[in-house]
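Small disclaimer: the values here were computed from a predicted structure and weren't measured. Letters A, B, ... mirror the listed sequences (proteins, then strands); counts begin at 1. All heavy atoms count here, side chains included; hydrogens, waters and symmetry mates do not.
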Protein chains: 2
Amino acid sequence: MKLSERKKKILQIVVDDYIETAVPVSSKNITDKYMKDVSSATVRSELSALEELGYLTQLHTSSGRVPSPEAYKLYVSELMVKDKLSVKELNYIKKIFTEKSGDIEYVIKNAVKIISELTDYTSIGVPAAGTDEKIEIIKLVKIKPDAALVLIVTQSRLYKDNYINFPESVSEERINNASDMLTKIFAGKTMVEVAETSFDALAQFEEYKEIFYKVIDALKEYAVRNENVFMEGEEKILNHPEYADVDRIKNFLSVVSSNDKMVNILHDDGRDISISVKIGSEENADGVPEGCSVVSATYSANGQKLGTYGVIGPSRMDYQKVVAVLENVGKILENILSNK
Amino acid sequence: MKLSERKKKILQIVVDDYIETAVPVSSKNITDKYMKDVSSATVRSELSALEELGYLTQLHTSSGRVPSPEAYKLYVSELMVKDKLSVKELNYIKKIFTEKSGDIEYVIKNAVKIISELTDYTSIGVPAAGTDEKIEIIKLVKIKPDAALVLIVTQSRLYKDNYINFPESVSEERINNASDMLTKIFAGKTMVEVAETSFDALAQFEEYKEIFYKVIDALKEYAVRNENVFMEGEEKILNHPEYADVDRIKNFLSVVSSNDKMVNILHDDGRDISISVKIGSEENADGVPEGCSVVSATYSANGQKLGTYGVIGPSRMDYQKVVAVLENVGKILENILSNK
DNA sequence: AGTTGGCAGTCGGGCGTAAAGAGTGCTAAC
DNA sequence: GTTAGCACTCTTTACGCCCGACTGCCAACT
């Protein structure tokens, strides 16, 4: 079902116009604004054909046409004219990322913020799971007489959110020894492996075994714990006229504020494409709410996946801008992080 | 302007009924449901008097009465019957807090989650600023050949979100030495003090001064960095009929998703009360949106403020439940944390 | 003096009708 | 293949209307 050039052009016009105005597009509107060389009747028959093909729908008999999810897909993959960011915007992105440094979570937080600012949509990010990376260092840091912070360093991540408590005070020396031994034992294994193995052999380390078991528990917890989802501008969805309806808002927010659902939606499909576009529809149970689209990208540095970032908004989304922003943030990010 | 007992009773009835039903309360409704001993005409004159006193308002001449912010204030401080949590709810709270441990941020996250679950409102929490506490330990932990994590331990907090990068690889020994020296130099001072002092004297430490200055920068950043605001259930506001209006939702979300604004609202006023209730109105520029109320409490353990937690929702809020939940979560939390 | 029933007055919400407006689909002619 | 024209459909808005829900006031009662 190849589309004629004119059909493509008209479809592009419909999508562009609908994205801009949020108003169903009529044949007259098309001829007036974009195609003065033909009459509205001609366009009408083309529109009718495009509807037959599943690219357009009508809300009711006497309304203009609205793009279907299929139309958006085609638009993004073939019809859309790619946007370029202004120099100002590019510099802004660069500035943020060179000023700040830190671990992946911090980078993602900033990326999400920038993306939301530049696109004016709700933006989201999840760090790539590092639990299948090899452990490099395990370190216990004594914080209180009877408590220590468990740090796990893998190639791309630092896990630093778990604590262990001891029944009584433990000397710094013991803790340092334990750190060194743990690193020796577990370096080269992944957290998932550690979580799945039983370490009966550790029982031999008499005086340390208690600490070891606690650390293993901490490791296991990291392995199953959900990744943080970072989000910015969840209220921006309200700026769009299709979200004047409270039920839709409710639905949107309930999806967006559920970490599990967002991780699921953002989870990259292993496909090796830079930018993925998911468009919500009734059948598509991907988790993307109907009428919503998610545009996302997975960024890497030195061959290691860093995380997935994206934008969620109405299907009637400014894909040109969004794709441009995601691509550029990605490029700049990967450059900076790879050079390190 | 003391209210007669009957006026108080009627005002209480109006607030109770309005909280329950969200419908303006009429005189007939009152006599039918709550005061069968008098006629509606009698109640009408009382209502009229209460309106005169500023406790009630009418949306239009032929509507029932709605409580004013003043009425809610009086209701919470004098009229309301305190609620008790069920044993099931109490056990649920206890279970969560004994199972989990960790630093303050983790505790707050959990508290906020529980509060939102039990009250069914949007709940929020901010850790108390620890930047005016005395530093106990400064520790640099080598993560990569040329990068270290900066840990600062104060009495109640652990700061663990700042990194420093070195131009070249630095040995573990040097880093450990630096940690020890830094702890000696800065222990007993607060981060705010450190941020305000200039440490020209450090220039003498030749080979360490570079590391020192970077750590001081990190300290300064902690000192000015905004506290995290934890939030749960921001979509729950939509369950209330007064938030059927998109503009109000927008306003609510824009306040709630601004960390600065929330910190401002939650900032405890130094007053030594356990539970604070702020009710939004036009004049009151406290930052609480009109039509909203914030109920919050500041929790401490061992004389040290831990953080402020609360609930934000429509002024027509189930104060009985909310106050009970906040009080009990606080009690349980303080018990558990003090015994440690 | 406080309370009550009754009644007039006000306002909002729901409903049907009417008219206007926006678009389409179809057809006959070019 | 394209076009102008026309009939048809459906939404939106407005208007008028009536009903119901309250209140406020007043005169009568306890």
Side-chain angles (χ1 to χ4, degrees), chain A residues 2-11 13-18 20-68 71 241-242 244-246, chain B residues 2-11 13-15 17-18 20-68 71 241-242 244-245:
Chain A
K2 269 203 74 174
L3 295 179
S4 72
E5 281 310 309
R6 194 170 67 182
K7 282 200 178 57
K8 281 189 188 172
K9 185 178 172 193
I10 289 178
L11 189 54
I13 290 173
V14 172
V15 178
D16 273 333
D17 196 79
Y18 187 64
E20 193 191 332
T21 65
V23 173
V25 187
S26 73
S27 57
K28 187 156 180 304
N29 186 4
I30 294 178
T31 52
D32 283 0
K33 273 169 65 183
Y34 310 96
M35 293 182 79
K36 296 209 162 76
D37 53 326
V38 291
S39 79
S40 64
T42 311
V43 173
R44 266 205 293 288
S45 67
E46 293 284 49
L47 290 177
S48 175
L50 284 166
E51 180 167 356
E52 195 72 22
L53 292 167
Y55 290 110
L56 297 177
T57 49
Q58 269 180 303
L59 303 179
H60 51 85
T61 31
S62 70
S63 86
R65 257 82 174 192
V66 166
S68 71
E242 50 267 66
D245 177 51
V246 179
Chain B
K2 269 204 74 174
L3 296 179
S4 71
E5 281 310 309
R6 193 169 69 182
K7 282 200 177 57
K8 281 188 186 171
K9 184 178 174 194
I10 290 178
L11 188 54
I13 290 172
V14 172
V15 178
D17 195 79
Y18 187 65
E20 192 191 333
T21 64
V23 173
V25 186
S26 73
S27 57
K28 188 158 178 304
N29 186 3
I30 294 178
T31 52
D32 284 0
K33 273 170 63 184
Y34 310 96
M35 293 181 80
K36 296 210 163 74
D37 53 326
V38 291
S39 80
S40 64
T42 311
V43 173
R44 265 203 296 288
S45 66
E46 294 283 53
L47 290 176
S48 175
L50 284 165
E51 181 167 357
E52 195 72 23
L53 292 167
Y55 290 111
L56 297 176
T57 49
Q58 270 179 306
L59 303 178
H60 53 85
T61 32
S62 70
S63 85
R65 256 80 175 195
V66 167
S68 71
E242 49 266 66
D245 177 52

Which value, rounded to the nearest 0.5 Å, describes the distance between B/Ile30 atom CD1 and B/Arg44 atom CZ?
-> 11.0 Å

Report yes if the side chains of B/Leu50 and B/Leu3 come closer than 4.5 Å at any heavy-atom pair, otherwise no.
-> yes

Does a donor on one side chain sit under 3.5 Å from an acceptor on the other, for B/Asp17 and B/Tyr34?
-> yes

Assign B/Asn29 to base, sugar-phosphate, or nothing according to its heavy-atom contacts below 4.0 angstrom with the strands shown.
-> nothing

Please state whether the phosphate of C/dT3, meaning OP1 or OP2, lies under 4.0 angstrom from any side-chain nitrogen or oxygen of B/Arg6.
-> yes

Which value, rounded to the nearest 0.5 Å, describes the distance between B/Leu53 atom CG and B/Lys7 atom NZ?
-> 7.0 Å

Polar side chain donor-acceptor pair, B/Ser45 to B/Ser48, under 3.5 angstrom = no

One should read off an interatomic distance between B/Leu59 CG and B/Arg65 CZ, to the nearest 0.5 angstrom, of 11.0 Å

Do the side chain of B/Lys8 and the main chain of B/Ser4 share a donor and acceptor less than 3.5 angstrom apart?
-> no

Chain A vs DNA chain D, heavy-atom contacts under 4.0 Å, first-to-last nucleotide span, 5' to 3', is D/dT2 to D/dT11

Is A/Ser68 reaching over with its side chain to a backbone N or O of A/Gly54, donor-acceptor style, under 3.5 angstrom?
-> yes

Protein-nucleotides 11-19 of chain C N/O pairs closer than 3.5 Å?
unit_1	atom_1	unit_2	atom_2	d
C/dC11	O2	B/Ser62	OG	3.1

Kindly calculate the angle separating the two end axes of the helix from C/dA1-D/dT30 to C/dC30-D/dG1, each obtained from five base pairs, and round it to 10 degrees.
-> 20°

For A/Ser40, which contact category applies under a 4.0 Å heavy-atom criterion: base, sugar-phosphate, or nothing?
-> nothing

